[in-house]
Amino acid sequence: MAFKVLILGGTSEARGLAERLAGDARYEVLLSFAGRTRSLQLPAAPYRVGGFGGAEGLAGFLRAESFDALVDATHAFAAQISRNAVAAAAASGRPLIRLAWPAWRAEPGDRWIDVPDMAAAAAAIGGEPRRVFLTIGRLEVGAFRAAAQHDYLIRAVDEFDPELPRARVMTARGPFALEAELALMRRERIEVLVSKNAGTPTTYAKILAARRLQLPVVMIQPPQLPAAMSAGSAQEIADWLAAHVPSAIQRGE
Ligand code: NAP
């Protein structure tokens with residue numbers, strides 16, 4: 001017998017947690033991907049791909065597959081699935097924990113322009129053509145067609161056609177290191193960084209690099225999520241899960 005954990009993923013932190021739990025005999029873990037990424041990096045843990053069919057679908061899946069707990073380790077901007085997780089946990093009576101970090105904070109001297117959404121981000125770069133490092137992923141790049149005068153370096157997991165006249169796509173997957181981010185921004189003569197304020201430790205280096213280079217950062221604010229039990233590290237989640245494991249499983253029975 002094992003304690004069954006469903007991890008909602010799509011982040012490197014979720015993958016790390018799933019792989020860690022997969023190596024622990026107390027757990028039977030399943031990592032769930034939405035299926036947005038074409039070049040899915042296979043985890044060293046059991047996984048599934050695709051939506052559940054809303055909150056009811058997720059609640060039904062938790063019940064049908066007899067999961068004992070739900071971990072929401074999705075990206076801070078994946079708001080719908082996080083809302084579904086809260087509703088599904090309540091409906092199915094399963095405990096839920098969310099892996100979440102506080103949003104990044106500007107420091108004195110930082111040149112951040114906080115904006116609520118992608119359309120505002122595109123406008124905030126300004127009218128003058130600039131060399132822009134666009135680090136928002138692939139799916140919402142369309143909003144920047146309203147500011148097509150800029151030279152964009154777009155970083156995304158998958159290759160795609162951004163349908164912008166002056167844009168290049170570089171494919172890469174985090175985590176990213178400060179020295180490499182500094183070198184990239186210098187080499188590309190970046191003038192503005194555009195980022196989601198995801199709070200993710202593995203992507204913070206670009207923010208540090210922009211600070212070091214005194215570049216303006218157009219920072220998209222994170223969506224509001226319903227309250228949930230939250231943890232700031234995989235270790236905290238592991239501790240929380242361990243506290244829920246019945247003693248018979250703890251003893252290896
Ligand atoms: P979203 O808007 O919150 O979710 C839309 C729908 O996609 C959900 O209702 C759900 O479909 C399905 N879905 C999302 N995450 C899922 C998961 N882990 N497993 C199964 N189904 C999932 O999500 P999104 O912003 O498009 O992000 C999609 C995925 O990419 C997430 O897993 C997220 O962690 C990852 N990601 C997102 C961003 C970002 O900036 N948004 C950045 C990096 C990684 P059903 O309602 O049918 O269940």
Side-chain angles (χ1 to χ4, degrees), residues 5-19 21 29-43 45-65 67 69-89 91-92 94 96-101 103-104 115-119 121 134-144 154-158 160 171-176 194-204 206-207 218-226 228 230 234 237:
V5 181
L6 178 63
I7 301 179
L8 302 171
T11 59
S12 36
E13 292 76 15
R15 171 188 309 276
L17 179 65
E19 291 179 346
L21 296 183
V29 66
L30 183 65
L31 176 60
S32 176
F33 295 106
R36 299 277 189 284
T37 308
R38 285 191 293 268
S39 54
L40 181 65
Q41 199 186 5
L42 295 185
Y47 69 95
R48 64 172 295 286
V49 181
F52 298 96
E56 294 102 85
L58 178 54
F61 187 81
L62 289 167
R63 282 195 211 96
E65 303 289 326
F67 279 98
L70 178 61
V71 176
D72 175 5
T74 59
H75 189 269
F77 279 66
Q80 189 56 53
I81 189 70
S82 292
R83 292 190 187 109
N84 292 354
V86 170
S92 65
R94 266 59 177 186
L96 164 71
I97 191 159
R98 182 187 293 155
L99 183 55
W101 298 272
W104 297 317
V115 294
D117 54 35
M118 292 300 157
L134 191 56
T135 63
I136 56 148
R138 167 174 60 95
L139 298 176
E140 293 158 287
V141 163
F144 292 84
I154 304 172
R155 184 160 66 192
V157 170
D158 291 314
F160 72 107
T171 56
R173 225 185 263 274
F176 300 103
V194 180
S195 173
K196 293 177 176 176
N197 192 338
T200 322
T202 49
T203 57
Y204 189 53
K206 64 186 171 185
I207 309 301
V218 175
M219 192 66 99
I220 301 134
Q221 296 307 293
Q224 292 292 321
L225 298 179
S230 293
I237 301 237

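Numbers for residues simply follow the sequence, beginning at 1. Counting starts at 1 for both ligands and their atoms, in listed order.
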- Arg83 to Pro226 - nearest heavy-atom pair and separation: CG-CD, 3.7 Å
- Query: Within the structure, does Ser82 bring an N/O atom to less than 3.5 angstrom of an N/O atom in ligand 1?
  - Reply: no
- Report the member of Arg36, Glu56, Gln80 with the shortest heavy-atom distance to atom 7 (O) of ligand 1. Arg36
- Query: Considering only heavy atoms of Gly54, which atoms of ligand 1 have at least one such atom less than 4.0 Å away?
  - Reply: 45 (P), 46 (O), 47 (O), 48 (O)
- Using a 4.0 Å heavy-atom cut-off, say whether Thr37 meets ligand 1 through its side chain, its backbone, both or neither. neither
- Neighbour count above 12 (heavy atom, 6.0 Å) for Phe67 CZ: yes
- Message: Quick check against the 3.5 Å criterion: does Thr37 have a side-chain atom that pairs as donor or acceptor with the backbone of Asp158?
- Response: no
- Task: Could you say whether the N/O atoms of Ser32 and ligand 1 ever approach to under 3.5 Å?
- Result: yes
- Message: Could you work out, for atom 10 (C) of ligand 1, the closest of Thr200, Thr203, Leu6, Ile81 by heavy-atom distance?
- Response: Ile81
- Message: When you measure from the centre of the six-membered ring of Phe33, is the NZ or CZ of Arg15 closer than 6.0 Å and no more than 45° off the axis?
- Response: no
- Give the numbers and elements of all ligand 1 atoms closer than 4.0 Å to a heavy atom of Lys196. 39 (C), 40 (O), 41 (N)
- Ranked by distance from atom 47 (O) of ligand 1, the top protein heavy atom is Gly53 N, 2.9 Å
- Message: Can you tell whether the side chains of Glu65 and Arg48 come within less than 4.0 Å, N to carboxylate O?
- Response: no
- Query: Any idea which atoms of ligand 1 are less than 4.0 Å away from a heavy-atom of Ala79?
  - Reply: 3 (O)
- Query: Hey, does Trp104 have a side-chain heavy atom less than 4.5 Å from the side chain of Thr203?
  - Reply: yes
- Task: Please test Phe52 against Leu6 for side-chain contact (heavy atoms from CB on, under 4.5 Å), starting from the C-alpha separation and ending with a verdict.
- Result: CA-CA 12 Å; Phe52 298 96; Leu6 178 63; 4.2 Å; yes
- Query: What protein heavy atom sits nearest atom 44 (C) of ligand 1, and how far off is it?
  - Reply: Gly10 O, 3.2 Å
- Query: Can you tell which part of Ala14 has a heavy atom less than 4.0 Å from ligand 1: side chain, backbone, both or neither?
  - Reply: neither
- Task: Return the residue, atom name and 0.1 Å-rounded distance of the protein heavy atom closest to atom 48 (O) of ligand 1.
- Result: Phe52 N, 2.6 Å
- Nearest heavy atom to atom 34 (O) of ligand 1 wins, so pick from Ala34, Ala78, Gly9, Pro222. Gly9
- Query: Any idea which atoms of ligand 1 are less than 4.0 Å away from a heavy-atom of Asn84?
  - Reply: 9 (O), 46 (O)
- Message: Tell me whether Ile136 has any N or O atom under 3.5 angstrom from an N or O of ligand 1.
- Response: no
- Considering heavy atoms of the protein only, find what lies nearest to atom 11 (O) of ligand 1 and give residue, atom and distance to 0.1 Å. Gly51 CA, 3.7 Å
- Query: Does ligand 1 have any atom sitting under 4.0 Å from a heavy atom of Gly50?
  - Reply: yes
- Message: Between Gln221 and Lys196, does the side-chain contact (heavy atoms from CB on, under 4.5 Å) criterion hold? Intermediate values first, please.
- Response: CA-CA 7 Å; Gln221 296 307 293; Lys196 293 177 176 176; over 6 Å; no
- Query: Does Leu139, backbone or side chain, put an N or O under 3.5 Å from an N or O of ligand 1?
  - Reply: no
- Item | Minimum-distance pair of heavy atoms, taken over all atoms of Leu40 and Arg173 | C-NH2, 4.5 Å
- Note on the structure: The single option from Thr135, Ile154, Val115, Leu134 that satisfies side-chain contact (heavy atoms from CB on, under 4.5 Å) with Val194 is Leu134
- Query: Looking only at side chains, do Glu13 and Thr200 share a donor and an acceptor under 3.5 Å apart?
  - Reply: no
- Message: Please check whether Arg48 reaches ligand 1 - meaning an N/O of the residue sits under 3.5 Å from an N/O of the ligand, judged on distance alone.
- Response: no
- Message: Under 4.0 Å, heavy-atom basis, I'd like to know which part of His75 is in contact with ligand 1: side chain, backbone, both or neither.
- Response: both
- Query: Is atom 30 (O) of ligand 1 in close reach of the protein, with a heavy atom under 4.0 Å away?
  - Reply: no
- Going through the checks in order, is the side-chain contact (heavy atoms from CB on, under 4.5 Å) test met by Leu70 and Ile7? CA-CA 6 Å; Leu70 178 61; Ile7 301 179; over 6 Å; no
- Query: How far apart are the closest heavy atoms of Thr202 and Ser12, and which atoms are they?
  - Reply: OG1-OG, 4.0 Å
